[in-house]
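The shown structure was predicted, so the numbers you read here are calculated from the model rather than taken from an experiment.
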Amino acid sequence: MNIKSFVKTKDCRRKTLLDHFEADCKLPLYLHLCCDNCASICECGQADCGQYTKYPITDCYKDVLFSGSKRDVSNEQKLIENALIQYQKKLLIELAKKLQKQKSKL
């Protein structure tokens with residue numbers, strides 16, 4: 001897969017990546033949970049609609065990704081995770097805006 005074509009694609013980025021690995025995973029109920037391209041066309045009306053949000057990993061390869069071992073997580077660790085998720089969203093939105101600007105210059 002050519003990274004330039006991946007960045008420029010208007011198709012679903014998750015599907016593009018999964019196709020490369022010959023993997024299949026069902027799409028989330030709401031498109032804004034999928035990738036930045038899908039989020040930009042999502043019209044579900046949810047609070048996060050139009051913004052890329054954390055994909056519900058439990059719906060995709062749960063058995064492969066999680067070995068079954070669990071550990072206790074403190075409230076502080078949960079807050080940190082949520083803060084990191086929000087930061088990731090912010091970075092993705094900023095990246096999408098920069099890519100859109102670059103695209104409009106071409």
Side-chain angles (χ1 to χ4, degrees):
M1 172 189 332
N2 183 332
I3 193 68
K4 287 182 181 181
S5 63
F6 176 76
V7 171
K8 292 180 181 181
T9 187
K10 295 206 181 282
D11 297 329
C12 175
R13 294 189 199 280
R14 277 187 65 256
K15 182 177 180 337
T16 302
L17 286 172
L18 290 172
D19 286 348
H20 179 73
F21 295 103
E22 298 178 359
D24 188 30
C25 186
K26 70 178 186 170
L27 290 174
L29 180 61
Y30 302 110
L31 287 178
H32 67 262
L33 295 175
C34 191
C35 72
D36 60 324
N37 286 341
C38 291
S40 68
I41 61 170
C42 185
E43 297 177 349
C44 71
Q46 298 276 325
D48 287 336
C49 185
Q51 298 179 9
Y52 177 67
T53 57
K54 182 179 178 184
Y55 184 76
I57 194 88
T58 55
D59 292 345
C60 184
Y61 304 111
K62 181 178 181 180
D63 297 332
V64 174
L65 296 175
F66 300 108
S67 64
S69 60
K70 295 182 180 183
R71 65 180 178 89
D72 292 328
V73 178
S74 70
N75 285 335
E76 182 181 17
Q77 289 170 319
K78 290 177 186 177
L79 289 173
I80 292 170
E81 178 189 23
N82 287 333
L84 288 171
I85 291 168
Q86 293 302 316
Y87 182 65
Q88 176 194 27
K89 288 180 192 181
K90 179 183 172 188
L91 289 176
L92 288 170
I93 291 168
E94 289 175 9
L95 175 63
K97 287 178 183 178
K98 286 181 182 179
L99 290 174
Q100 189 66 24
K101 280 183 182 179
Q102 288 178 353
K103 183 179 173 187
S104 65
K105 289 179 183 180
L106 297 176

Query raised in the report: For the residue pair Cys12 and Cys35, what are the closest heavy atoms and their distance?
Result: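 It is CA-SG, 3.9 Å.
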
Query - Nearest atoms (heavy-atom pairs only) where Asp72 meets Gln77 - result: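 For Asp72 and Gln77, the tightest heavy-atom pair comes out as O-OE1, 4.1 Å.
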
Report task. Kindly write out the residues that satisfy side-chain contact (heavy atoms from CB on, under 4.5 Å) with Ile80, not counting sequence neighbours, or none if the list is empty. Result ->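 Residues passing side-chain contact (heavy atoms from CB on, under 4.5 Å) with Ile80: Glu76, Leu84.
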
Report task. Quick one: list whatever passes side-chain contact (heavy atoms from CB on, under 4.5 Å) with Thr9, sequence neighbours left out. Result ->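 Residues passing side-chain contact (heavy atoms from CB on, under 4.5 Å) with Thr9: Asp11, Arg13, Asn37.
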
Query raised in the report: Linking Ile, Leu, Val, Met, Phe, Trp and Tyr by side-chain heavy atoms under 4.5 Å, what else ends up with Tyr87?
Result: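 Under the 4.5 Å side-chain rule, Tyr87 groups with Leu91.
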
